Amino acid sequence: MTLVVRARRVVLPEGERAAAVHTADGVVTAVTGFDDVPAGAVTLAEDEVLLPGLVDSHVHVNEPGRTEWEGFATATRAAAAGGITTVVDMPLNSVPATTTLEALRVKREVAAGQVAVDVAFWGGAVPGNVGQLRPMHEAGVVGFKCFLLDSGVPEFPPLDDAGLRAALAELAPVDGLLIAHAEDEQVIAAAPEPAGASYAAFLASRPPAAEETAIDRLVAATRDTGARSHVVHLADGDALPLLRAARASGVRITVETCPHYLTFAAEDVPDGDTAFKCCPPIREAAHREALWAALRAGDVDLVVSDHSPCTPALKRLDVGDFGLAWGGIAGLQVALPAVWTGARARGVGLAEVVGWMAAAPARLAGLPGKGAIAVGRDADLVAFAPEESSMVGRLEHRNPVTPYAGRELTGVVRRTWLRGQEADGSPLGRLLDRGGR
Ligand SMILES: [Zn+2]
């Protein structure tokens with residue numbers, strides 16, 4: 001099975017140029033000049049750029065157990081439609097949570113045969129399961145997620161400082177990765193309670209200091225154990241100096257942010273519109289601009305969706321109460337156009353965006369076949385029209401609630417290939433192990 005795709009603009013690891021990408025049996029075999037193609041090659045339209053398939057290392061699929069929130073078939077169809085050819089499933093909000101070898105087996109069994117893109121798995125680190133971490137690591141999870149405060153679901157409790165250090169110490173000898181939801185319980189307990197429709201009141205209930213305090217704890221534990229950690233969904237621009245200082249001093253910590261923190265600003269969130277509720281919250285525009293600057297400076301490593309849907313009923317759109325609504329933003333399918341719209345407005349090029357959304361998450365998750373158009377990598381390709389605009393309409397994920405609804409975004413994913421096959425929503429995906437294909 002061979003596929004050759006050529007374009008006047010191809011985003012390659014070394015930059016953008018006209019090229020032809022040759023593939024066989026789902027793997028890139030050569031990257032040649034534009035004119036060096038056999039008969040039958042696919043030529044992209046003049047307004048299309050060929051990108052590597054994106055890697056989204058932060059997706060809550062929720063199946064089994066809360067499949068009415070989101071499932072493997074719908075989440076991966078949304079991914080394929082959005083140019084994302086690999087997703088890494090978060091260990092919580094499904095039941096069972098992926099905190100044991102047996103739960104990992106259950107997840108894989110449920111996902112097998114119904115995924116439209118490739119899927120890898122995070123394990124979970126919770127109180128009392130430190131003995132499960134190495135077996136799950138050996139079984140191929142890409143790393144472990146933990147919470148430093150209440151996760152919102154009872155089956156996934158947070159780690160205290162001793163638990164955090166025990167998990168890091170267990171993972172350090174095998175160079176395992178611990179990723180953390182970094183908000184501090186005590187800072188939040190001291191803040192006013194969120195209640196009602198006021199977005200300002202919700203924002204005040206989860207202050208930036210909660211992120212900074214938790215990141216401080218994570219940095220200290222990472223430094224002391226020599227392990228590798230990662231901050232998920234950074235929303236707080238004021239945390240950047242302490243992360244920069246930690247990294248400069250050799251602490252092995254990486255950082256991600258999300259499309260919603262780069263797109264929206266607290267000043268513009270309508271009161272009562274709980275589609276915007278997530279934790280940590282969307283902060284003021286100054287934080288958003290600090291995150292953009294940090295990405296460009298290399299102080300934030302990657303951008304991934306944190307796609308975390310629930311049923312419309314749990315979003316409490318009926319009452320619009322930020323205290324009662326489930327926190328989580330659904331936007332997997334529009335991640336690329338959302339980030340590209342913001343990048344383009346700030347003079348950032350497509351190659352940089354692809355670095356944040358393909359190469360860097362593939363590296364974080366330890367997926368060597370993914371994240372770039374290069375010989376030996378999987379033939380995961382996207383035809384992207386960067387100058388075409390569209391209004392966000394019905395999305396493929398199970399419950400179509402999203403704060404992007406009705407928003408005009410620039411950049412349209414026209415076609416996606418997964419390992420050389422058109423990713424049309426049919427179950428072509430594979431389940432991936434860390435380091436594997
Ligand atoms: Zn999440």
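This one's a predicted model, so the numbers in the text were calculated from it and none came from an experiment. Just so you know, ligand 1 is whichever comes first in the structure, and atom 1 is the first atom listed for that ligand.
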Subject >> Salt-bridge present (E211, R206; N to O < 4.0 Å) >> reply: no
Subject >> Aromatic ring proximity, centroids under 6.0 angstrom, Y199 and F322 >> reply: yes
Original post:
Is there an N/O/S atom in H58 at a distance below 2.8 Å from the Zn ion (ligand 1)?
Top reply: yes
**OP:** Could you tell me whether R346 and E289 have a side-chain N and a carboxylate O separated by less than 4.0 Å?
**Re:** yes
Original post:
With the Zn ion (ligand 1) as the point of reference, which N/O/S atom of D306 is the closest?
Top reply: OD1
Original post:
Going by heavy atoms in the side chains, are R247 and R252 under 4.5 Å from each other?
Top reply: no
Original post:
Any N/O/S of H60 under 2.8 Å from the Zn ion (ligand 1)?
Top reply: yes
